[in-house]
**Q** 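Let me give you the structure first, and then I'll get to my questions.
Basis for what follows: all heavy atoms, side chains included, without hydrogens, waters or symmetry-related copies.
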Amino acid sequence: MPEESWEWEYCEVPQCDVDCYTLNGALYLGGQNVTQSGRACVDWGGDHGIDGGVCRNPDNDVAPWCYVTEGHTERDYCDNKCPEAKELSPSLQAAVSTLSAGPFGVGDRAEALDVELIMKSCNADGRLLHPSKPLTVVDGYFFSSDYREVWTAYSQVHSYLFGVIFLAEVDKALTMTPSELNLADAFTTSTLVFSNYPQDLAYRKFVSPEEALDMPSCGGYLNFCLLYTAPLIQTDAGDLYILGELEKWVPVSPDRITDIVTTTTATTATTTSSSFSASSVTLSVRGVQGERVTLSFSGATDFNVTCAFQEGGVMTLDVAARTCIPSTTA
């Protein structure tokens with residue numbers, strides 16, 4: 001059909017009842033006629049091309065204003081600024097954006113930036129710390145509303161898989177197997193499942209392959225919980241679990257920990273098999289100049305090791321020695 005034959009009509013778009021201005025109010029055309037001091041606006045009388053006793057900002061001042069004396073000798077600002085929009089759950093948006101493994105940026109003005117929250121997603125120079133496989137909903141979503149907000153992801157470093165379980169507004173405790181969580185490959189040996197968000201959720205459980213996992217409830221509007229998995233690494237000193245950089249949404253990211261090497265006592269060959277006992281475990285940790293990266297581990301006790309980067313590149317973290325030194329290769 002030719003364009004001249006199209007039929008159309010105007011729409012009646014409802015207007016908001018709120019009479020307020022944004023930014024400095026240079027575009028404000030509302031009906032506010034009382035100033036911040038409670039004084040009535042007088043008629044502009046054509047001054048600046050304006051008529052009537054209303055608040056306006058014709059000279060791009062800091063806020064709308066009006067004359068408050070008939071001779072236009074006094075003026076006063078108006079204070080009907082619109083309330084600023086607030087994100088209801090910045091932490092939820094930040095976590096989902098990071099775990100989705102796509103690019104994103106911050107949208108707040110500089111003075112409103114939450115630096116601590118931003119840094120949970122990236123390293124010191126802004127490199128995003130993503131999982132290897134992005135967050136996706138579990139298959140149970142298609143069969144029951146109980147699983148509508150159960151999502152999983154994982155990071156792979158060498159042959160080790162570190163799972164992420166994301167629960168949002170789940171108001172009942174769920175029991176699911178690793179396969180049902182789409183994380184069977186992350187549970188091939190004894191696996192530690194632990195919580196890291198919210199801070200008051202103290203959850204830690206050791207799970208064997210295909211053992212059903214009892215997960216906590218995370219009910220409430222916009223509430224969410226994050227559980228992480230760490231595979232067992234058997235060492236001469238005992239069992240070891242790499243918890244990772246607990247300050248981040250993705251504690252073990254291949255963008256931060258680029259390799260994990262275990263060495264057997266007899267042959268010094270590297271392996272990731274749980275049937276071997278490793279004499280040493282080393283991690284390759286990437287950072288930028290001036291950055292301090294603290295990684296957490298669990299064994300007989302929990303402990304931390306901090307890598308202090310004098311220059312950017314890769315450092316080698318020796319778990320047994322609890323030291324971190326510059327790597328000979330980048």
Side-chain angles (χ1 to χ4, degrees), residues 90-135 153-164 166 194 196-197 199 226 228-230 233 240-262 270 280-298 302-330:
S91 293
L92 175 62
Q93 304 305 325
V96 170
S97 297
T98 305
L99 292 165
S100 297
F104 69 91
V106 296
D108 296 318
R109 61 183 186 275
E111 63 269 24
L113 293 178
D114 185 338
V115 177
E116 183 178 356
L117 179 59
I118 293 171
M119 295 310 298
K120 289 179 70 67
S121 300
C122 61
N123 72 354
D125 69 351
R127 182 189 182 101
L128 295 174
L129 302 178
H130 284 145
S132 303
K133 181 249 180 198
L135 203 67
Y154 65 77
S155 292
Q156 181 170 356
V157 182
H158 200 65
S159 299
Y160 297 98
L161 263 63
F162 299 83
V164 181
F166 174 88
F194 63 97
N196 196 39
Y197 187 91
Q199 295 300 319
L226 282 168
Y228 300 93
T229 76
I233 301 177
L240 175 70
Y241 298 91
I242 301 172
L243 307 184
E245 194 176 5
L246 298 180
E247 296 177 349
K248 309 297 184 183
W249 294 122
V250 184
V252 178
S253 168
D255 298 305
R256 173 71 85 191
I257 301 175
T258 61
D259 200 9
I260 300 172
V261 176
T262 59
T270 60
S280 69
V281 179
T282 58
L283 281 65
S284 297
V285 183
R286 177 187 289 142
V288 299
Q289 185 176 16
E291 192 171 24
R292 292 177 61 85
V293 179
T294 298
L295 299 181
S296 298
F297 303 84
S298 183
D302 289 358
F303 61 94
N304 299 327
V305 180
T306 298
C307 298
F309 287 84
Q310 301 301 317
E311 58 183 32
V314 176
M315 299 188 73
T316 299
L317 187 154
D318 186 321
V319 175
R322 302 189 184 182
T323 59
C324 200
I325 61 174
S327 178
T328 55
T329 59

**Q** Is the backbone N or O of Pro254 less than 3.5 Å from a side-chain atom of Thr258, with the two atoms forming a donor-acceptor pair by type?
**A** no
**Q** Which is it for Ile260 and Phe162 under the side chain to side chain contact (heavy atoms under 4.5 Å, CB included) test, yes or no, and what are the steps along the way?
**A** CA-CA 12 Å; Ile260 300 172; Phe162 299 83; 3.8 Å; yes
**Q** Sequence neighbours excluded, which residues qualify as ring pair (Phe, Tyr, Trp, His ring centres under 6.0 Å) partners of Phe303?
**A**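 By the ring pair (Phe, Tyr, Trp, His ring centres under 6.0 Å) rule, Phe303 matches Phe297.
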**Q** Are any of the side-chain heavy atoms of Val319 and Thr282 separated by less than 4.5 Å?
**A** no
**Q** By the salt bridge (Lys or Arg N to Asp or Glu O under 4.0 Å) test, which pairs, at least two apart or in different chains, include something from residues 247-256?
**A** Arg127-Asp255, Glu245-Arg256, Arg256-Glu291
**Q** What residues, two or more places apart in sequence or in another chain, satisfy salt bridge (Lys or Arg N to Asp or Glu O under 4.0 Å) together with Asp125?
**A** none
**Q** Does some side-chain heavy atom of Val252 sit less than 4.5 Å from a side-chain heavy atom of Val250?
**A**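 No, every pair of side-chain atoms sits at 4.5 Å or beyond.
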**Q** Considering all heavy atoms of both residues, which atom of Val96 and which atom of Ser100 are nearest to each other, and what is their separation?
**A** O-OG, 2.6 Å
**Q** Check side-chain hydrogen bond (donor to acceptor under 3.5 Å, both in side chains) between Ser121 and all other residues, then give those that pass, not counting sequence neighbours.
**A**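 So Ser121 forms a side-chain hydrogen bond (donor to acceptor under 3.5 Å, both in side chains) with Thr98.
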**Q** Of the non-hydrogen atoms in Val314 and Ser284, which two are nearest, and what is the gap between them?
**A** CG1-CB, 3.8 Å
**Q** Who pairs with Cys307 by disulfide (SG to SG under 2.5 Å), at least two apart in sequence or on another chain?
**A** Cys324
**Q** Checking ring-ring contact (aromatic ring centres under 6.0 Å, His included) against Trp249, which of Phe166, Phe104, Tyr197 comes through?
**A**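 Going through the options one by one, the only one that passes is Tyr197.
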**Q** To the nearest 0.5 Å, what is the distance between NZ (Lys120) and CG (Asp114)?
**A**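 Nearest 0.5 Å value for the NZ-CG distance: 10.5 Å.
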**Q** Apply side chain to side chain contact (heavy atoms under 4.5 Å, CB included) to residues Ile242 and Leu283 and explain how you reach the verdict.
**A** CA-CA 10 Å; Ile242 301 172; Leu283 281 65; 4.0 Å; yes
**Q** So do the side chains of Val305 and Thr323 get within less than 4.5 Å of each other, counting heavy atoms only?
**A**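 SC-SC contact between Val305 and Thr323 ruled out.
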**Q** What heavy-atom pair brings Ala101 and Pro134 nearest, and what distance separates the two atoms?
**A** CB-CB, 3.7 Å
**Q** Are side-chain heavy atoms of Phe309 and Arg292 found at a separation under 4.5 Å?
**A** no
**Q** Do Gln156 side-chain atoms and His158 backbone N/O form a donor-acceptor pair below 3.5 Å?
**A**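 Yes; judged by distance alone, with no hydrogens or angles, the pair exists.
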**Q** Sub-3.5 Å donor-acceptor pair from the side chain of His130 to the main-chain atoms of Gly102, do we have one?
**A**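 Between the backbone of Gly102 and the side chain of His130 there is a qualifying donor-acceptor contact (under 3.5 Å).
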**Q** Which atoms form the tightest heavy-atom contact between Pro251 and Leu243, and what is the distance?
**A** CB-O, 3.3 Å
**Q** Go through Met119 and Val115 one step at a time and tell me if the side chain to side chain contact (heavy atoms under 4.5 Å, CB included) criterion holds.
**A** CA-CA 6 Å; Met119 295 310 298; Val115 177; 4.0 Å; yes
**Q** Would Val281 and Val261 count as a side chain to side chain contact (heavy atoms under 4.5 Å, CB included) if you check the C-alpha gap in whole Å, the side-chain angles of each, and the deciding distance to 0.1 Å?
**A** CA-CA 6 Å; Val281 179; Val261 176; over 6 Å; no
**Q** Check whether any side-chain N or O of Thr229 sits under 3.5 Å from a backbone N or O of Gly163 as a donor-acceptor pair, and report yes or no.
**A** yes
**Q** So does Leu246 get a backbone contact from the side chain of Asn196, meaning a donor-acceptor N/O pair under 3.5 Å?
**A**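 Yes; judged by distance alone, with no hydrogens or angles, the pair exists.
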**Q** With rounding to the nearest 0.5 angstrom, report the CG to OH distance, Asp302 to Tyr241.
**A**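 Result: 12.0 Å between the selected atoms.
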**Q** Under 3.5 Å, is there a donor-acceptor pair between the Asn304 and Ser296 side chains?
**A** yes
**Q** Mind checking what makes side-chain hydrogen bond (donor to acceptor under 3.5 Å, both in side chains) contact with Thr306, not counting sequence neighbours?
**A** Thr294
**Q** Provide the closest heavy-atom pair for Leu317 versus Val285 in the form atom of the first, atom of the second, distance.
**A**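 Shortest heavy-atom separation between Leu317 and Val285 comes out as CB-CG2, 4.3 Å.
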